[in-house]
**Student:** 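My questions all concern the structure below.
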Amino acid sequence: MTSVQGTAVDIPTEDGVADAYVAHPGDGTPRPGVLLYQDAFGLRPHLRAMADRLAEAGYTVLVPNLFYRHGRAPVRELPEFIDPAARPEIFESVYPMVLALTPELIVRDADAYLRWMEESPLVAAGPVAVTGYCMGARLTLPTAGAHPDRIAAVAGFHGSRLVTDAPDSPHLAAEHITAEVYFGHADNDPGLPPEQIERFDQALTAAGVRHTCEVYTGAEHGYTQADTSAYDEQAAERHWAALLDLLKRTF
């Protein structure tokens, strides 16, 4: 098993400084870069563990605190185990920050994240991948659409609201994406009904995007997040296999 080193870094952006976590193989050799977008609960031990697992597979992984405008992580205090059904105030406390993070802002922030990766001696030269979870899955799309020369692979898992009637709906970025795309949808996800799944796939197909979209039968929204009540080990391991397969094809 590859030894992993994880460190905290600060990334200057147009709107301040984003604190972040970077994980990489311990030998310090430049490796292909992966930009990892958080779910609504933010940068926390579980997200760092996910980055470490990717680093063990041979990648340099950057996990920015997407909510940095509201403070350094943890922006909200969270229990070790997150059960929104039992503690609805947990999600209520983060939801305003989710709504505030518009596609326009994430594209602006992505400039800074990608610049940091381009300049880091830990990241190999060339395009990088971006993967995201829940709200992070949604945000991978405008990021890849705005940076087609920098993003070679896109992965999203249990994303919600991928297709809306808004002029900045995530699916509209498809026409600008040149990366290969993989999305693993949650079967039981009120934020992504079957008609949205179909429209999302149609948008990628119409834009000529190389893509695979799969529905994880029986999985709930949030199935990859081991510190939450939505965690589904079988679905989570399927996600790891799909993500690593995409990265191997890309780099």
Side-chain angles (χ1 to χ4, degrees), residues 7 9-25 29-38 43 47 50-51 54-55 57-66 68-69 101-133 135-157 159 162 168-183 200 203-204 207-213 242-251:
T7 55
V9 297
D10 284 343
I11 301 175
T13 74
E14 288 189 31
D15 298 326
V17 175
D19 52 308
Y21 177 76
V22 60
H24 58 90
T29 302
R31 302 298 179 100
V34 179
L35 176 59
L36 192 157
Y37 281 165
Q38 66 185 53
L43 180 54
L47 267 292
M50 294 185 78
L54 277 177
Y59 302 95
T60 294
V61 187
L62 179 67
V63 191
N65 167 23
L66 301 184
Y68 72 88
R69 292 175 179 84
L101 191 58
T102 63
E104 178 185 5
L105 288 182
I106 198 63
V107 166
R108 197 156 78 208
D109 290 345
D111 286 332
Y113 305 148
L114 293 171
R115 188 180 314 113
W116 184 93
M117 298 180 82
E118 188 172 14
E119 295 173 353
S120 172
L122 298 172
V123 181
V128 302
V130 58
T131 183
Y133 301 87
M135 74 161 202
R138 184 169 68 249
L139 298 175
T140 63
L141 298 165
T143 297
H147 302 279
D149 58 328
R150 295 288 295 125
I151 305 293
V154 177
F157 300 92
L162 299 179
D168 61 356
S169 174
H171 79 289
L172 298 177
E175 62 181 301
H176 304 293
I177 293 175
T178 58
E180 182 176 351
V181 173
Y182 177 92
F183 266 66
F200 180 61
L204 293 172
V209 176
R210 289 170 298 149
H211 70 281
T212 302
C213 292
L243 176 57
L244 290 171
D245 186 54
L246 173 66
L247 295 177
K248 287 176 183 176
R249 289 198 305 274
T250 304
F251 300 115

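Along the sequence shown, the residues carry numbers beginning at 1.
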**Student:** Test side chain to side chain contact (heavy atoms under 4.5 Å, CB included) on V63 and M50 and set out the steps.
**Tutor:** CA-CA 10 Å; V63 191; M50 294 185 78; over 6 Å; no
**Student:** Nearest 0.5 Å, what's the OH-NZ distance between Y59 and K248?
**Tutor:**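 The OH atom of Y59 sits 7.0 Å away from the NZ atom of K248.
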**Student:** Which atom names give the shortest non-hydrogen contact between G33 and V128, and what distance separates them?
**Tutor:**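 Closest approach of G33 to V128, heavy atoms only: O-CB, 3.3 Å.
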**Student:** Where do V123 and M117 come nearest, in terms of heavy atoms and distance?
**Tutor:**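 Heavy atoms only, the tightest pair is CB-O, 3.3 Å.
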**Student:** What's the separation between atom CG in L47 and atom CD in Q38, rounded to the nearest 0.5 Å?
**Tutor:**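 Output value for this atom pair is 6.5 Å.
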**Student:** A side-chain contact here means heavy atoms from C-beta on lying under 4.5 Å apart; do L105 and D15 qualify?
**Tutor:**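 Of all side-chain heavy-atom pairs linking D15 with L105, at least one is under 4.5 Å.
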**Student:** Are Y37 and I106 close enough that some pair of their side-chain heavy atoms sits under 4.5 Å apart?
**Tutor:**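 When only atoms from C-beta onward are counted, I106 and Y37 do touch, with a gap below 4.5 Å.
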**Student:** Say you draw a straight line from OH of Y21 to CG of L43; how long is it, rounded to the nearest 0.5 Å?
**Tutor:**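 Atom-to-atom, Y21:OH and L43:CG are 9.5 Å apart.
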**Student:** Which heavy-atom pair separates N65 from A18 by the least distance, and what is that distance?
**Tutor:**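 The answer is O-CB, 4.5 Å.
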**Student:** Considering only heavy atoms from C-beta outward, does the side chain of I11 approach that of L62 to under 4.5 Å?
**Tutor:**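 Sidechains of L62 and I11: in contact.
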**Student:** Do R69 and D109 come close enough that some side-chain heavy atom pair is under 4.5 Å?
**Tutor:**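 They are in side-chain contact.
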**Student:** For the NE2 atom of H211 and the CD1 atom of I177, what is their distance to the nearest 0.5 Å?
**Tutor:**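 Atom-to-atom, H211:NE2 and I177:CD1 are 11.0 Å apart.
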**Student:** Do you know the tightest heavy-atom contact between V107 and H147?
**Tutor:**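 Taking every non-hydrogen atom into account, O-NE2, 3.8 Å.
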**Student:** Would you say the side chain of E180 lies within less than 4.5 Å of the side chain of L246, judging by non-hydrogen atoms?
**Tutor:**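 Yes. Closest side-chain heavy atoms under 4.5 Å.
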**Student:** Decide yes or no for F157 and L243: does some side-chain heavy atom of the first lie under 4.5 Å from some side-chain heavy atom of the second?
**Tutor:**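 Yes. Closest side-chain heavy atoms under 4.5 Å.
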**Student:** Only counting residues at least two apart or in another chain, list the ones meeting salt bridge (charged side-chain N to carboxylate O under 4.0 Å, His left out) with R150.
**Tutor:**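 Result, salt bridge (charged side-chain N to carboxylate O under 4.0 Å, His left out) vs R150: none returned.
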**Student:** In the structure I gave you, are the side-chain heavy atoms of F200 and L141 within less than 4.5 Å of one another anywhere?
**Tutor:**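 Yes. Closest side-chain heavy atoms under 4.5 Å.
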**Student:** List the steps and the verdict of side chain to side chain contact (heavy atoms under 4.5 Å, CB included) for L162 and H171.
**Tutor:** CA-CA 6 Å; L162 299 179; H171 79 289; 5.7 Å; no
**Student:** Report the C-alpha separation of T131 and Y182 in whole Å, then their side-chain angles, then the decisive distance to 0.1 Å, and conclude whether the side chain to side chain contact (heavy atoms under 4.5 Å, CB included) test is met.
**Tutor:** CA-CA 9 Å; T131 183; Y182 177 92; over 6 Å; no
**Student:** Any donor-acceptor pair under 3.5 Å linking the side chain of T140 with the backbone of G156?
**Tutor:**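 Not confirmed, T140 side chain does not pair with G156 backbone.
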**Student:** Under a 4.0 Å N-O cut-off, is there an ion pair linking D111 with R115?
**Tutor:**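 No, this pair does not count.
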**Student:** Give the minimum heavy-atom separation between A124 and P32, together with the two atoms involved.
**Tutor:**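 So the two residues come closest at CB-N, 3.9 Å.
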**Student:** Indicate yes or no: at least one non-hydrogen side-chain atom of Y68 is less than 4.5 angstrom from one of D10.
**Tutor:**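 No; the side chains remain at least 4.5 Å from each other.
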**Student:** How about T143 and Y113: does a side-chain donor come under 3.5 Å of a side-chain acceptor?
**Tutor:**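 Their side chains do not contain a donor-acceptor pair, so the 3.5 Å distance test is not met.
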**Student:** Could you tell me whether a side-chain N or O of T178 sits under 3.5 Å from a main-chain N or O of P148, the two making a donor and an acceptor?
**Tutor:**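 Checked: pair present.
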**Student:** Considering non-hydrogen atoms only, spot the tightest contact between P121 and P30 and give its length.
**Tutor:**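 The answer is O-CG, 3.3 Å.
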